[in-house]
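Report on the following structure.
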Number of protein chains: 2
Amino acid sequence: MPEKLYELDERKQRVLKAVIDDYIESAEPVGSRALARKHDLGVSPATIRNEMADLEMLGYLQHLHTSSGRVPSSKGYRFYVDGLIPPKPVSDEEKALIDRWYKSRVQRIDQVFEETARLISAITKNVSLVLAPQMTQAQFRCLQFLPLDARRVITVLMTDAGFIENKILEMPDGAEFEDFQRMAAVINENLAGHTLKSIEHHALAQIRDEIRDEGLYDSALSIIQRALDSGKQERLYLGGTTKMLEQPEYHDVEKVKHMLMTLEEEELMKDILRAHIGDGLEVTIGQENEDSHFKDSSIITATYHLDGELLGTIAVLGPTRMEYAKAMSLLEYMNNNLTNVIKRFHW
Amino acid sequence: MPEKLYELDERKQRVLKAVIDDYIESAEPVGSRALARKHDLGVSPATIRNEMADLEMLGYLQHLHTSSGRVPSSKGYRFYVDGLIPPKPVSDEEKALIDRWYKSRVQRIDQVFEETARLISAITKNVSLVLAPQMTQAQFRCLQFLPLDARRVITVLMTDAGFIENKILEMPDGAEFEDFQRMAAVINENLAGHTLKSIEHHALAQIRDEIRDEGLYDSALSIIQRALDSGKQERLYLGGTTKMLEQPEYHDVEKVKHMLMTLEEEELMKDILRAHIGDGLEVTIGQENEDSHFKDSSIITATYHLDGELLGTIAVLGPTRMEYAKAMSLLEYMNNNLTNVIKRFHW
DNA sequence: TTTAGCACTCATCTTTTAAGAGTGCTAACA
DNA sequence: TGTTAGCACTCTTAAAAGATGAGTGCTAAA
């Protein structure tokens, strides 16, 4: 009996899909009559009622209270996403919108990430997250020191992909600015072209011989180390905190406040994205989320790679009632765009 | 008769002040009975009623509908701010909170502005705006070109105050990257120490003689010009979009959406700040705002200067029912802090 | 000039009523 | 045996109807 093998026979799947499609669109609990009217399932409301009762028994649907329509459960969405989801490619207008921007002149690299987040949330009407790549794989180009005052220097790190990080650092006691300048010259000469990662691991030691003064080497090493570290920081770009207000789920100010406060915790959000990193698209639905803040949200993540190396993650975050199909294909599309841009910058 | 001279006799002023104080605190229309109970005005509710009726006649108070308490009008707030406002200095805890941050290590200059915005909104529970200084007065330190691909270069501009701006620019046809590098060398040698403003006006022309090739000079000039222009851009930092939800005025999602969408229009907001620039603290109340989006908001701005030159503006934006006294003294305090930090960076 | 008293107005809260959507169950039907 | 019509019942939501109470404005007395 196929029913036991798959748990859901074909008609139950059709009903489940219809319920979810409907609910995603209307945000209202769906009842048997409306379902029979809209979707042409070929059976009467009574039959649908029976099926829905079964689906509820099996945990795919939920009743809010006796007598109001059904709402999908996390398990229901999961089944839907894994098997029933109708493909919904990015529309041509949306593609045009995206491509137009990606073709326009970019003035700073971080604008790419900012705008990616903005586009995703504009199209999905949900919050978007873009975790910008660590630069461990970027090739070191040069390091510059600029004196700020007697005790502090500005360090500027550039990589070949055009990423620029600057940071104010305190000089160790006794160190002279000129020493750093000399160090920088040595470093720039020796390490250009190495990846930041390899500099950390091997190359820094190699240039040790070049420097005569042992004490200077140690103190300089630490500050250079910190300068290089700044390149390994991941930046998080957030978009669509205004757009999410269009979702009926956030028509309650308390919920909005709660969500915004959670989103403001940058480290938490980064951790969540990092935890969700998968091979391609990864969908985490409602209860599946570990973090209690997101038990009734879904997160779709896509990671982008270059030459097998993980670069970063983009994500859509919204209520479990989300246009999964659309969000998924959009993320895929943006992912390609982003990878291409980054590749282009790497040339 | 002093009544006619000042329009409001002393008791009317006391009543007005009491009404506004009360309303700012409670966000509820205030009635005569409650007023008589809380504030010790020494007269009966009936008298207060008469006074309030007069104040309404004169335009200082408003009736929402017959029979509910009074609410201050823009004119009422204006009188309050200009003369009745009780001084409310920044509390010691707040000062400690602020000073703690300002003393901590800053890693990038823009963090100063970001954090200033964050602190202002955390304390006032309102939206804050920080317009970071143009760098026209900053001294040029150096300009660097980095090749990005065949047609584009990254330009990095640094000033003595540690501001760093980077920008991707397209090279004019026929120009070679090496040319720019040579140009940069000439420029860096000749223009270090000049202000960006003076470079624009005079100095660029002066170095013309140094460059032999006329065609190169022209094309290089344009790109350098654009690089320098990036230093003149004003950046706007926004804070407290989450904090503002604590105000009862924004307990309605539609209003929140509307406000957030307006705030997202960066150029509009910059224009508003620029228009409000005054000598010191400037308060614009409700109807006084030119922009229709802010007819029921108040904006308090403070501008910070250095050596007589305008640097930027910080502002609090909130509903007309706002703790003016607190916001004003806070802005003043932050203004000093910010000026000091910038001065320190200029050293 | 101040105040007490009183009628009147509204917003708001609560209760009531009505309508409607939806369910679950039973019994009939193919 | 699966499907469907019918029907009683539940529960939300919207509208209507009172009830409450804060607040006003006016008048007349102190």
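Numbers restart at 1 for each chain; the letters A, B, ... are given by sequence-line order, proteins then strands. Note that the coordinates shown come from a computational prediction; the quantities given were computed from them, not determined experimentally.
- Across the protein-nucleic acid pair, A:Glu56 atom CD and C:dG22 atom C1' stand 12 Å apart, rounded to whole Å.
- The base of D:dT10 lies close enough to the side chain of A:Ser67 for a donor and an acceptor atom to sit less than 3.5 Å apart.
- For A:Met52, taking side-chain heavy atoms from C-beta onward, the closest of the listed nucleotides C:dA4, C:dC10, C:dT23 is C:dT23.
- Under the 30°/60° scheme for interplanar angles, the aromatic rings of B:Tyr23 and B:Tyr77 are found to be tilted.
- A salt bridge between B:Lys255 and B:Glu249 is absent, with no side-chain N of the basic residue lying under 4.0 Å from a carboxylate O of the acidic one.
- Within the structure, a side-chain polar atom (N or O) of B:Ser32 is placed less than 4.0 Å from OP1 or OP2 of D:dT24.
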List the steps, then state whether salt bridge (charged side-chain N to carboxylate O under 4.0 Å, His left out) holds for A:Glu25 with A:Arg321.
CA-CA 9 Å; A:Glu25 199 195 315; A:Arg321 183 193 65 80; over 6 Å; no
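- Residue B:Ser44 is the one, among B:Ser44 and A:His63, whose nearest nucleotide of DNA chain C lies closer to the 5' end (criterion: closest heavy atom).
- The residue among B:His65 and B:Gly42 whose nearest nucleotide of DNA chain C is located toward the 5' end is B:Gly42.
- Looking at the side chain of A:Thr66, the nearest of the listed nucleotides C:dT3, D:dC11, D:dT4 is D:dC11.
- When distances are taken from the side chain of A:Thr47 to each of C:dT23, D:dT3, C:dT9, the shortest belongs to D:dT3.
- One N or O donor and one acceptor, one from the side chain of A:Arg49 and one from the base of D:dG6, sit under 3.5 Å apart.
- Rounding to whole angstrom units, CD of residue B:Glu28 and C1' of D:dG21 are separated by 14 Å.
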